[in-house]
Amino acid sequence: MSGEVVELGSGVTNLKPGDKVISISFPNGGGLAEYAVAPASLTVARPPEMSAAEGASLPTAASTALQQLKAAGVSSFDGSGGSNGPKNVLVTAASGGVGHYAVQLAKLAGLHVTATCGARNLGLVRGLGADEVVDYKTPEGASLQSPSGRKYDAVMHCATGTPWSVFAPVLAGEATVVDVTPGIAAAAKSFLQKVTFAKQRLVPLILMPRKEEMEWLADMTRQGKLKTVVDSRYPLSRAQEAWAKSIGGHATGKIVVEMGGEDEE
């Protein structure tokens with residue numbers, strides 16, 4: 001969520017009424033309201049260069065993408081590629097809320113990025129920095145093949161319903177698939193791989209928001225190094241439509257609900 005501080009709880013000293021902030025009330029709350037209680041431990045300043053819509057999009061989606069890359073072994077985002085981390089990564093559902101951030105963050109890390117998305121978003125994802133972009137409905141896209149024949153050291157898996165048998169042929173000898181939509185099968189596969197010390201691993205990821213990461217993402221946005229793609233905007237009175245579009249799974253970037261907006265998109 002993104003908004004303005006109205007009132008402070010006891011003991012909060014690093015904020016003041018009127019401050020523009022972004023926050024996430026995790027895991028027990030939400031921001032779909034005109035007023036929301038935000039934990040000071042997960043509330044950071046919103047830079048003047050960042051719009052409210054951009055700010056509201058970062059804490060969940062961009063943080064998830066950042067933690068995906070870290071879980072895959074990426075330790076630096078200075079463009080060096082790091083010495084021991086992955087070099088070739090695949091981002092699935094790369095035009096979605098998490099995926100479009102994952103592409104950009106992977107490029108900030110200096111990695112070679114292959115991405116899958118729908119045909120209508122191939123140009124968008126290429127514009128975000130992806131080196132290779134594949135329509136997921138083509139045979140190559142469905143099998144996650146890199147057009148240049150690369151094997152992936154890591155996969156930022158932002159789609160759903162992809163079995164391990166699809167990943168296995170396109171992975172390098174040592175590789176990590178970080179899944180942000182894990183189901184029971186993924187959890188079972190991950191456990192089995194862990195106990196057998198497999199070199200190809202599936203890692204289920206559940207977001208654990210961190211204030212320092214939110215601050216870093218906000219600074220990357222301020223510097224123009226990280227862009228937020230906004231699919232659509234809805235007033236609070238039409239939040240149900242926004243949820244329906246989100247659940248449909250075909251949003252390009254983020255869907256934003258705005259407080260006090262007119263009853264129009």
Side-chain angles (χ1 to χ4, degrees), residues 1-6 15 17-26 29-39 42-68 91 93-105 107-108 117-118 120-121 123-125 127-129 158 180 207 209-211 213-265:
M1 50 191 168
S2 178
E4 183 177 309
V5 176
V6 175
L15 296 165
D19 283 353
K20 300 289 195 302
V21 295
I22 62 174
S23 185
I24 179 171
S25 186
F26 183 87
L32 204 60
E34 292 181 358
Y35 294 90
V37 177
L42 290 174
T43 299
V44 304
R46 172 166 67 87
E49 299 88 349
M50 180 194 295
S51 70
E54 289 174 320
S57 301
L58 288 180
T60 300
S63 291
T64 297
L66 180 60
Q67 290 185 15
Q68 263 190 308
V91 179
S95 60
V98 175
H100 89 284
Y101 287 123
V103 169
Q104 296 176 76
L105 291 170
K107 290 310 298 179
L108 284 174
C117 63
R120 66 188 174 95
N121 289 319
L124 170 74
V125 173
L128 293 173
C158 307
V180 299
L207 172 66
R210 297 185 178 95
K211 186 174 184 177
E213 290 183 346
M214 289 166 56
E215 290 174 332
W216 182 82
L217 290 164
D219 189 53
M220 290 297 102
T221 301
R222 180 189 64 78
Q223 294 182 45
K225 295 180 178 180
L226 188 66
K227 299 177 182 177
T228 295
V229 175
V230 176
D231 175 279
S232 49
R233 303 165 187 252
Y234 293 84
L236 182 58
S237 61
R238 294 173 56 199
Q240 186 173 352
E241 293 176 49
W243 275 116
K245 184 163 191 176
S246 177
I247 292 169
H250 293 290
T252 300
K254 296 296 295 175
I255 299 166
V256 178
V257 175
E258 298 180 315
M259 307 303 142
E262 299 297 325
D263 286 343
E264 60 184 31
E265 282 196 42

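Residues passing the side chain to side chain donor-acceptor pair (under 3.5 Å) test with Thr228 are Tyr101, sequence neighbours excluded.
Open room surrounds CD on Gln240; 12 or fewer heavy atoms of other groups in view lie less than 6.0 Å from it. By the 6.0 Å contact criterion, NZ on Lys211 is enclosed, its count of non-hydrogen atoms from other residues, nucleotides or ligands being greater than 12.
When all heavy atoms of Arg233 and Glu258 are compared, the closest pair comes out as NH1-OE2, 2.9 Å. Listed here is the closest heavy atom pair of Cys158 and Val98: SG-CG1, 3.8 Å. Residues Val91 and Ala102 approach most closely at CG1-CB, 4.0 Å, considering heavy atoms. When all heavy atoms of Ala218 and Ala45 are compared, the closest pair comes out as CB-O, 4.5 Å. Nearest heavy-atom pair, Gly55 versus Ser2, reported as atom, atom and distance to 0.1 Å: C-CB, 4.0 Å. For the residue pair Met1 and Ala36, the shortest heavy atom distance occurs at SD-CB, 3.7 Å.
Within the 3.5 Å criterion, the main-chain N or O of Val44 finds no donor-acceptor partner in the side chain of Glu215.
The CG atom of Leu207 lies 5.0 Å from the CD atom of Gln67; values are rounded to the nearest 0.5 Å. Between His100 atom NE2 and Leu128 atom CG the span is 6.5 Å, to the nearest 0.5 Å. We find the CE-CG distance between Met50 and Leu58 to be 5.0 Å, quoted to the nearest 0.5 Å. Within the model, atoms OG1 of Thr221 and CZ of Arg46 stand 11.5 Å from one another, a figure rounded to the nearest 0.5 Å. A distance of 6.0 Å separates OG of Ser63 from CE of Met214, quoted to the nearest 0.5 Å. Here the OG atom belonging to Ser95 is positioned 10.0 Å from the NE2 atom belonging to His250, to the nearest 0.5 angstrom.
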Report all side-chain donor-acceptor pairs from residues 18-25 shorter than 3.5 Å, counting only partners two or more places apart or in another chain.
from	atom 1	to	atom 2	distance (Å)
Asp19	OD1	Lys16	NZ	2.9
Asp19	OD2	Lys16	N	2.9
Lys20	NZ	Glu4	OE1	3.3
Ser23	OG	Leu42	O	3.0
Ser23	OG	Thr43	OG1	2.8

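A side chain to side chain contact (heavy atoms under 4.5 Å, CB included) with Lys225 is found for exactly one of Leu105, Leu108, Asp219, namely Leu108.
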query: How far apart are the C-alpha atoms of Gln223 and Met220, what are their side-chain angles, what is the distance that settles it, and do they pass the side-chain contact (heavy atoms from CB on, under 4.5 Å) test?
result: CA-CA 5 Å; Gln223 294 182 45; Met220 290 297 102; 3.6 Å; yes

